[in-house]
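Throughout, protein chains are lettered first and strands after them, A, B, ... in sequence-line order, and every chain is numbered starting at 1.
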Amino acid sequence: MARAYSVTEIETKWQKHWAESGLYEVDNDDPRPKFYALCMYPYPSGSAHQGHVRNYTFGDLVTRFQTMKGHAVLSPFGFDSFGLPAENAAIKTGMHPRVFTDARIEELRASVRQLGAVYDWRREVRSHDPRYMRWTQTIFLKLFEAGLVYRKQAPVNWCPGCSTVLANEQVLTDGTCDRSGDLVEKRDLEQWFFKITDYADELLEGLDGLEWPERVKTMQRNWIGRSEGAEMDLVVDGRPDLAITVFTTRPDTSFGMTYAVLAPEHPMVEVVTTPAQRASVDELRAKVAGETDIERTSSEGGSLEKRGAFTGAHVINPFTNAPVPLYIADYVLMGYGTGAIMAVPAEDERDFAFATAHGLPIVRTTEPRDGLPEDHVGAYSGDGLKVNSGFLDGLEVVEAKRQAIEWLGTEGKGQGTVNYRLRDWLVSRQRFWGCPIPVIHCESCGVVPVPAADLPVLAPDDVEFTPSGKSPLASHEGFVNVACPTCQQPARRETDTMDTFVDSSWYFLRFCDPFDDEAPFSPEAAARWMPVDQYIGGIEHAILHLLYARFFTKAIIDVGLAPGVGREPFTRLFTQGMIRMDGSKMSKSKGNLVAPTKYYETVGADGLRLFHLFVGPPADDFDWTEQTDQVIDGCGRFLDRLWRLATADHQCRPGEASTTEDAEVRRATHRTIKKVSEDMERWSYNTAVAQLMELVNLLTRYVKTEGGASQDVLDEAIDALLLLLAPMAPHMPAELYERRHGAHVHEQLWPTFDAALVTAETET
RNA sequence: GCCCGGAUGGCGGAAUCGGCAGACGCGGGGGCCUCAAAAGCCCCUGUCCGUGAGGGCGUGCGGGUUCGAGUCCCGCUCCGGGCACCA
């Protein structure tokens with residue numbers, strides 16, 4: 001499309017100006033009130049795609065808007081530059097991951113500049129920079145010394161495609177890897193963990209005070225999965241020395257326990273199974289061992305009879321002293337609670353189904369006040385009064401729970417307890433392109449931290465990237481063999497690297513003080529800028545990154561590295577919608593990217609940015625369709641109309657407003673300032689753009705009025721338009737404002753409106 | 001199964017606190033300008049009846065509250081997302 005002005009010339013000119021003027025570089029002693037605006041730092045995958053454009057358009061808008069509102073805005077940029085794609089490229093092409101990554105960073109940085117987005121580039125942080133790695137490793141060791149990092153042998157998620165273990169959070173619901181899509185296997189391996197479970201309660205409670213999308217908070221709550229209940233010991237009948245601990249959220253139903261169940265992997269299975277039942281128990285255990293989690297948890301997992309087996313043993317119900325049979329069943333999971341349950345078929349759906357299939361008794365312990373309906377079948381898990389429950393009879397469920405727990409404590413048979421779905425964070429990865437875990441294994445001294453003076457531990461460059469499925473680090477003798485820092489005897493270096501989510505769990509703190517070479521950051525600098533006032537990113541990080549970063553911030557404070565810093569890092573979170581094309585997410589892997597580049601030549605970065613703001617609510621997904629190019633052209637047309645309006649030689653009357661039309665235009669101008677200001681605060685950019693379009697439409701008619709427009713009224717309106725548009729589509733307003741006033745639009749204060757002019761004329 | 005969202009013209013969407021439904025844009029139709037086209041400018045564009053003035057209907061479906069409901073309440077349908085043998 002033909003444009004009213006020279007897009008490329010103007011955009012290049014202003015991008016150069018912003019880079020050179022230092023307007024968006026802020027120092028830590030800046031006297032203005034602070035505002036920390038942050039987009040989630042990207043994995044450098046090459047030139048920016050539409051998802052980036054959308055993200056950085058929002059972020060840049062916030063930065064420029066808050067600057068015009070008089071804030072010192074910290075707006076940094078960096079790169080989450082460790083990760084698997086670079087290593088896979090190395091295996092494929094032989095190119096070192098650093099060379100590959102640095103080139104991708106260069107591309108992304110350039111294309112972000114082309115968008116007209118402004119940052120304090122002096123503060124750039126890259127995960128793989130030794131100056132950053134040093135502090136990632138320092139923090140790791142601080143957490144290690146504080147007991148928040150530990151090593152243990154555990155059944156872990158192994159992704160064959162990535163040749164490494166994964167955190168629970170990286171395994172999708174269907175049991176596949178969130179990166180490669182491969183089916184994840186269980187392997188028993190010695191691995192490194194962060195004790196995120198120590199923070200489960202704080203991570204849960206902290207959510208209440210955050211201005212985050214409700215669904216993100218809900219997802220985190222579900223993921224943490226807190227449930228209150230009780231643990232109690234069930235003594236094995238005839239073996240007073242043996243007891244099985246079970247967890248229940250319904251201790252009030254204990255009198256209705258008619259059997260108990262162990263997870264097939266439970267260590268007690270071996271001990272209690274009678275010779276007569278050995279065969280059927282082993283058969284079920286073998287079946288379960290051969291199944292993936294999906295097969296096991298699928299509801300079509302076979303008939304219920306086949307999914308459980310009697311162990312031959314009985315356990316004593318502590319409330320009734322009666323023995324009940326002990327089963328194993330695949331519906332009880334070793335990974336949750338104690339791996340064993342008391343079964344109350346009358347008040348639990350799964351227990352009911354299992355009891356029915358195995359002919360086990362069902363004893364009701366809760367009656368709703370109005371009784372159960374005649375046709376009621378199955379379990380009843382609602383409120384009511386206790387029956388068949390000894391000393392609990394007649395009590396409400398809540399009170400019965402309390403008294404049952406109290407009784408367990410008095411009798412020494414159990415206690416109230418809380419269980420979480422959240423597991424500790426598995427952070428070790430058997431990969432090369434990540435931050436090395438800075439410890440040394442010594443036969444006599446055990447696990448020895450690398451001394452601070454020797455940090456950072458860097459991976460050697462002379463390694464071979466072969467598709468062997470093994471980390472190049474493990475086979476590099478020069479890297480592995482090292483003297484123990486404590487006893488000087490030959491020792492071996494740890495060859496695992498950290499999950500890249502560790503890097504992204506503290507980068508926002510480093511941005512506050514990125515030049516510090518004495519510490520990860522100075523606590524004063526972090527306290528000055530933190531928390532992030534507006535965090536912007538994709539919904540895909542709702543659990544992983546956002547949960548880890550919250551945990552890390554708290555842990556860093558608790559090990560003494562960040563006194564005075566708030567415990568919640570992100571006050572306000574905005575999650576932008578996805579861009580879809582043909583029904584699936586627009587992404588490099590789907591191969592359905594629409595490169596932004598071609599639009600820079602037609603409608604410019606301004607036009608493309610305006611499109612992303614205008615297309616719909618920022619939080620909603622949108623579909624890239626055949627119509628999209630026409631809408632983008634429409635945004636370019638709007639910019640043209642404004643350009644012509646501001647530059648054409650209109651036949652104007654000099655001086656102030658005098659006609660009805662003048663008054664109407666003045667009112668419209670001030671209403672627009674009010675509306676756009678409000679819309680900016682509430683993330684309603686699509687309506688803000690619409691409001692600007694309305695004013696341009698009105699002015700287009702106004703300059704054609706009989707007798708001419710008032711020069712003052714027109715100037716006021718056009719200046720307002722340029723100021724309001726400046727955070728959204730920054731180049732063109734910068735150019736016009738300079739031509740009109742010889743000043744920089746982004747250095748002006750955000751316009752205010754005259755309250756007397758915005759009250760609509762009342763009609764009945 | 002449980003928990004969140006959502007459903008408005010041909011399309012994307014607007015209506016912020018219960019007060020003119022459809023702002024703004026795209027698409028479509030007509031006109032001006034032009035030798036012609038592009039660009040630009042102007043007008044129309046929910047739907048049905050009517051030549052017209054005008055009128056009927058209309059925010060997924062069925063009820064309700066209210067002077068007044070896209071918006072609030074009750075009961076559904078469909079779509080999207082999250083969680084899911086979690087004891």
Side-chain angles (χ1 to χ4, degrees), chain A residues 1-4 172-174 213-227 229-231 246-251 253 257 260-261 263 293-294 296-299 301 304 307-308 329-344 347-351 353-354 379 381 419-423 539-540 542-543 575 577-578 580 583 610-611 613-617 619-635 637-638 640-641 644 648 675 678-679 681-684 686-697 700-701 703-704 763-764:
Chain A
M1 62 185 286
R3 295 294 308 268
L172 303 180
T173 312
D174 64 359
E214 209 47 53
R215 64 172 174 151
V216 176
K217 292 206 265 186
T218 305
M219 282 162 73
Q220 292 217 350
R221 285 191 191 104
N222 290 344
W223 189 263
I224 296 165
R226 184 181 200 273
S227 60
E231 279 184 10
V246 297
F247 171 74
T248 178
T249 54
R250 293 293 304 274
T253 65
M257 176 201 323
V261 189
D293 275 3
I294 337 158
R296 174 162 170 183
T297 57
S298 109
S299 47
L304 278 163
R307 299 178 57 197
D330 68 354
Y331 78 88
V332 176
L333 307 174
M334 197 55 220
Y336 184 78
T338 61
I341 62 158
M342 68 166 198
V344 184
E347 274 98 33
D348 183 281
E349 235 16 282
R350 291 152 307 165
D351 295 348
F354 189 86
S381 55
N419 244 294
Y420 300 91
R421 189 184 167 280
L422 182 69
R423 304 281 77 148
I539 186 73
E540 65 274 18
I543 297 173
T575 49
M578 275 189 330
R580 281 185 312 237
L610 209 56
F611 161 76
L613 296 172
F614 183 61
V615 69
D620 289 5
D621 293 348
F622 79 89
D623 290 296
W624 194 283
T625 66
E626 317 82 63
Q627 196 189 241
T628 300
D629 272 4
Q630 291 164 334
V631 178
I632 295 173
D633 282 348
C635 291
R637 264 196 299 275
F638 162 73
D640 282 342
R641 279 158 65 86
R644 280 190 222 102
K675 169 86 171 135
E678 289 165 358
D679 286 352
E681 302 281 2
R682 68 183 180 111
W683 284 77
S684 186
N686 52 332
T687 54
V689 174
Q691 191 67 26
L692 297 180
M693 288 173 169
E694 272 193 77
L695 186 56
V696 168
N697 290 347
T700 305
R701 288 193 295 275
V703 295
K704 289 175 188 163
E763 276 173 62
T764 339

Protein-nucleotide distance ([X], atom [atom1]; [N], atom [atom2]), rounded to Å:
X: A:Asn222; N: B:rC4; atom1: CG; atom2: P; result: 10 Å
X: A:Asp640; N: B:rG25; atom1: CG; atom2: P; result: 14 Å
X: A:Gln630; N: B:rC11; atom1: CD; atom2: P; result: 15 Å
X: A:Phe611; N: B:rG25; atom1: CZ; atom2: C1'; result: 11 Å
X: A:Leu613; N: B:rG25; atom1: CG; atom2: C1'; result: 14 Å
X: A:Arg580; N: B:rG6; atom1: CZ; atom2: C1'; result: 12 Å
X: A:Tyr336; N: B:rC83; atom1: OH; atom2: P; result: 17 Å
X: A:Leu692; N: B:rA23; atom1: CG; atom2: C1'; result: 13 Å

[X] side chain, from C-beta outward: closest of [options]:
X: A:Thr248; options: B:rC4, B:rA87, B:rU16; answer: B:rA87
X: A:Met219; options: B:rG82, B:rG40, B:rC4; answer: B:rG82
X: A:Val631; options: B:rG25, B:rC4, B:rG40; answer: B:rG25
X: A:Leu333; options: B:rC26, B:rA87, B:rU16; answer: B:rA87
X: A:Glu678; options: B:rU16, B:rC24, B:rC42; answer: B:rU16
X: A:Asp348; options: B:rG27, B:rC42, B:rA87; answer: B:rA87

Check the surroundings of atom CZ in A:Arg215: do more than 12 heavy atoms from other residues, nucleotides or ligands lie under 6.0 Å from it?
->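 12 or below, so no.
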Side chain to side chain donor-acceptor pair (under 3.5 Å) partners for A:Gln630, two or more places apart |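 Partners of A:Gln630 under the side chain to side chain donor-acceptor pair (under 3.5 Å) test: none.
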Answer yes if the ring centres of A:Phe622 and A:Phe611 are under 6.0 angstrom apart, and no otherwise.
->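 Yes.
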Separation of the [atom1] atoms in [N] and [M], to the nearest angstrom:
N: B:rA36; M: B:rG9; atom1: C1'; value: 36 Å
N: B:rG62; M: B:rG13; atom1: C1'; value: 28 Å
N: B:rU71; M: B:rA21; atom1: P; value: 14 Å
N: B:rC11; M: B:rC61; atom1: C1'; value: 24 Å
N: B:rA14; M: B:rU59; atom1: C1'; value: 12 Å
N: B:rC17; M: B:rG1; atom1: P; value: 34 Å
N: B:rG10; M: B:rU16; atom1: P; value: 23 Å
N: B:rC43; M: B:rC24; atom1: P; value: 12 Å

In plain terms, say whether A:Arg221 and A:Glu214 are close enough for a salt bridge, that is, a side-chain N and a carboxylate O under 4.0 Å apart.
->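 Salt bridge flag = yes for A:Glu214 with A:Arg221.
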Would you mind checking if A:Lys675 and A:Asp679 are paired as a salt bridge, meaning a charged N to carboxylate O distance below 4.0 Å?
->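 Salt bridge: yes.
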Can you give the dot-bracket line for RNA chain B, where a pair is Watson-Crick or G-U wobble with both atom distances under 3.5 Å, crossing pairs use [ ], and | marks a partner on another strand?
-> (((((((..(((......[....)))((((((.......))))))((((....))))..(((((..]....))))))))))))....
Does some side-chain heavy atom of A:Leu613 sit less than 4.5 Å from a side-chain heavy atom of A:Asn686?
->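 A side-chain contact is absent here, since even the closest heavy-atom pair is not under 4.5 Å.
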Find out whether A:Gln691 and A:Leu695 are in side-chain contact, i.e. whether some heavy atom of one side chain is under 4.5 Å from a heavy atom of the other.
->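 Heavy-atom side-chain distance check fails, nothing below 4.5 Å.
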Is the base of B:rC76 syn or anti, if syn means a glycosidic angle within 90° of 0?
->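 It is anti.
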Using the glycosidic torsion, which applies to B:rG30: syn (within 90° of 0) or anti (everything else)?
->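 This nucleotide is in anti.
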Within the distance-only criterion (no hydrogens, no angle test), does the side chain of A:Glu347 pair as donor or acceptor with the backbone N or O of A:Thr253 below 3.5 angstrom?
->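 Such a contact is absent between A:Glu347 side chain and A:Thr253 backbone.
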Start at the 5' end of RNA chain B and walk down; is the nucleotide closest to A:Thr218 or to A:Ile341 reached first?
->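 Counting from the 5' end, the first nearest nucleotide belongs to A:Thr218.
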Take A:Asp351 and A:Gln691, find for each the nucleotide of RNA chain B with the closest heavy atom, and name the residue whose nucleotide sits nearer the 5' end.
->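 First, find each residue's nearest nucleotide; the 5'-ward one identifies A:Gln691.
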Looking only at heavy atoms, which two atoms of [X] and [Y] are closest? And how far apart?
X: A:Thr687; Y: A:Arg682; value: OG1-NH2, 4.0 Å
X: A:Arg641; Y: A:Thr700; value: NH2-OG1, 3.8 Å
X: A:Trp223; Y: A:Ile543; value: CG-CG2, 3.7 Å

Answer yes or no: does a side-chain N or O of [X] lie under 4.0 Å from OP1 or OP2 of [N]?
X: A:Arg350; N: B:rC86; value: yes
X: A:Arg641; N: B:rC41; value: yes
X: A:Arg221; N: B:rC4; value: no
X: A:Asn697; N: B:rG25; value: yes

A:Arg250 CZ to A:Met257 CE distance, which is reported to the nearest 0.5 Å =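 So the gap between those two atoms works out to 13.5 Å.
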Just the table, please: protein N/O against nucleotides 12-14 of chain B N/O, every pair under 3.5 Å.
residue : atom : partner  : partner atom : Å
B:rG12  : O2'  : A:Val615 : O            : 2.8
B:rG13  : O3'  : A:Asn686 : ND2          : 3.4
B:rA14  : OP1  : A:Asn686 : ND2          : 3.1

Remember a base hit wins even if backbone is also touched, and classify A:Thr628 as base, sugar-phosphate or nothing at under 4.0 Å, heavy atoms.
->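 Here A:Thr628 touches no strand at all.
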